[in-house]
Amino acid sequence: MDAYDLITRNASEVVTEDEVRALADDPEGKRAYVGYEPSGVLHIGHMLTANKLIDLQDAGFEVVVLLADVHAYLNGKGTFEEIRETAERMKEQFIAYGLDESQTEFVLGSEFQLDESYVLDLHALELETTLSRAERAMAEIKSGDSVTVAQAVYPIMQALDIVYLDVDLAIGGMEQRKVHMLARDTLPNIGEESPTCMHTPLIADLATGAGKMSSSKGVTISMEDSTEDIEEKVNSAFCPPTANPTEDGEERENPVLQIFEYHVFPRFERVVVERPDKYGGNLDYDDYESLEADLESGELHPADAKGALAGYLDELIAPGRKKIDA
RNA sequence: CCGCUCUUAGCUCAGCCUGGCAGAGCAGCCGACUGUAGAUCGGCUUGUCCCCCGUUCAAAUCGGGGAGAGCGGACCA
């Protein structure tokens, strides 16, 4: 796999392709970042962008993980003391998950976001951004919710973080695309470059295959889960025997396949689906596409796929779980 | 600061006028059917009715006080 393919694999959007190709020509020492609001426990959504960071490290990038304590504060997640505590736990879980500690720079937002020059630049950027644009950039604001000034400042700070962390490539889930587009549009107005961005897919809701998996409500898979929790959650997941299900005429995703594609295959060379002899014995895959094809054709039954998925997920989560228990 | 509206199950809300066992839809949970899940069918759970005081045999409902949220406060001066 060449550098560009590794850098962009499993990405659902690259902005822009030319810019990323330029980075891929000489990836050594380039910097990429993802920002995370410290939240209780690392879950499968965090792990998806973390997989991308691991790809980038393999390609030679330096990786910055922003533990966005100030953002969490602006989003009403608690006191700074509480937030920093969870940030510390989160950092340990990222390392346990597989980020190379020596190649990863963990930065607390408050380390630079309170500096005078940052604050002044922030105000300059506020001057360039309309309230409605900022509001639209905040993915999680539901219509009808009342929006605070803090929530409007939030995405503007994300834009400025890209400048202050001196990164060449901003990574985020697809829900971050509006923030990144805001950054691309407004940063030039204060004399900074438009950042290059790349977005990872969102895993669909486990239970329905519709919308995105939510960590705050509904079912998510996290590093807190026991082996039994994972088996139970995976087993109850929506999984019709096809990659492109429709339900009541609505487009759905197959979350079981998505997790194979975005979590299992990037981290395992070979996937074995154990199967009783009466159903045909074990199956062996070395890429995602052949597994999907077998599910589609009926060769692979969803129940067997789920069994295998639970096993591999458990293996991915085990190191982090050990950290939490310790 | 002033005015109007709202506050009832996890969510959206009905009930309030005219006081009498706390409701519906959705969600959730449990079974049946499927070699998974979903769909379908059957069953079940869920409450500080925003708070306090008062009236009454009886208050989600009526009266008073308070809190929180939303919207509005244009023109002229």
Side-chain angles (χ1 to χ4, degrees), chain A residues 39-41 43-45 74-78 131-132 134-136 138-152 154 201-222 224-265 271-285 288 290-317:
Chain A
S39 69
V41 148
H43 60 69
I44 197 167
L74 289 173
N75 212 11
K77 295 295 167 62
L131 205 48
S132 69
E135 211 175 302
R136 271 187 293 136
M138 277 294 279
E140 56 204 72
I141 296 173
K142 292 169 287 204
S143 68
D145 273 11
S146 52
V147 184
T148 60
V149 174
Q151 286 172 303
Y154 188 112
L202 303 177
I203 304 274
D205 182 80
L206 260 192
T208 65
K212 86 159 175 160
M213 184 187 297
S214 165
S215 52
S216 48
K217 67 182 174 90
V219 183
T220 189
I221 290 168
S222 81
E224 264 182 351
D225 288 335
S226 66
T227 302
E228 295 72 32
D229 289 337
I230 291 175
E231 282 168 358
E232 197 180 315
K233 287 177 180 181
V234 170
N235 183 49
S236 58
F238 178 69
C239 186
T242 172
N244 298 298
T246 55
E247 194 80 8
D248 310 323
E250 279 199 38
E251 293 278 324
R252 297 286 175 94
E253 299 293 334
N254 185 323
V256 171
L257 283 181
Q258 287 185 316
I259 296 171
F260 266 114
E261 182 175 13
Y262 302 128
H263 285 285
V264 177
F265 279 98
V271 171
V272 178
V273 176
E274 292 182 18
R275 203 163 62 162
D277 286 339
K278 75 164 170 168
Y279 292 130
N282 292 1
L283 292 167
D284 226 313
Y285 300 100
Y288 166 73
S290 43
L291 182 146
E292 180 188 310
D294 271 6
L295 187 86
E296 197 77 52
S297 72
E299 173 62 29
L300 171 62
H301 191 278
D304 295 321
K306 284 180 173 181
L309 180 62
Y312 284 102
L313 268 183
D314 189 55
E315 211 173 310
L316 285 173
I317 281 168

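Below, read A as the first sequence line, B as the second, and so on, with proteins coming before strands; counting in each chain starts at 1.
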Roughly how many Å apart are [M] and [N], using the [atom1] atom of each and rounding to a whole number?
N      : M      : atom1 : result
B:rA22 : B:rC49 : P     : 11 Å
B:rC1  : B:rC75 : P     : 23 Å
B:rG47 : B:rA60 : C1'   : 12 Å
B:rU55 : B:rG15 : P     : 29 Å
B:rA59 : B:rU18 : C1'   : 14 Å
B:rU61 : B:rG23 : C1'   : 14 Å
B:rC50 : B:rC6  : P     : 13 Å
B:rC16 : B:rC21 : P     : 13 Å

(request) Side chain of A:Pro241 only, please: which of B:rG35, B:rG38, B:rU36 is the nearest? (result)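 Comparing B:rG35, B:rG38, B:rU36 against the side chain of A:Pro241, the answer is B:rU36.
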Starting from [atom2] on [N], measure out to [atom1] on [X] and report it in whole angstrom.
X        : N      : atom1 : atom2 : result
A:Asn244 : B:rG38 : CG    : C1'   : 16 Å
A:Leu313 : B:rU36 : CG    : P     : 21 Å
A:Leu309 : B:rA37 : CG    : P     : 15 Å
A:Phe238 : B:rA37 : CZ    : P     : 13 Å
A:Asp205 : B:rG38 : CG    : C1'   : 12 Å
A:Asn235 : B:rU36 : CG    : P     : 9 Å
A:Asp304 : B:rG35 : CG    : C1'   : 8 Å
A:Lys233 : B:rU36 : NZ    : C1'   : 18 Å

Please check: side-chain N/O of [X] versus main-chain N/O of [Y], any donor-acceptor pairing under 3.5 Å?
X        : Y        : result
A:Asn282 : A:Arg275 : yes
A:Gln258 : A:Ala204 : yes
A:Glu224 : A:Val41  : no

(request) State whether a side-chain donor-acceptor pair under 3.5 Å links A:Thr242 with A:Glu296. (result)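 Yes, side-chain donor-acceptor contact under 3.5 Å.
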(message) Would you say that A:Tyr279 contacts A:His301 through its side chain, given a criterion of any heavy-atom pair below 4.5 Å between the two side chains?
(response)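 With C-beta onward as the side chain, the pair stays apart.
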(request) Find out whether A:Ile44 and A:Thr220 are in side-chain contact, i.e. whether some heavy atom of one side chain is under 4.5 Å from a heavy atom of the other. (result)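 Heavy-atom side-chain distance check passes, below 4.5 Å.
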(message) Could you spell out the base pairing of RNA chain B as a dot-bracket line? Use Watson-Crick and G-U wobble contacts where both distances are under 3.5 Å, [ ] for crossing pairs, | for partners on a different strand.
(response) ((((((((.[[[[.)....(..]]]].(((((.......))))).....[[[[[..)....]]]]])))))))....
(request) Determine the interplanar angle of the A:Tyr288 and A:Phe265 rings, folded into 0 to 90°, and report it as parallel if under 30°, tilted if 30 to 60°, perpendicular if over 60°. (result)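 Geometry flag for A:Phe265 against A:Tyr288: perpendicular rings.
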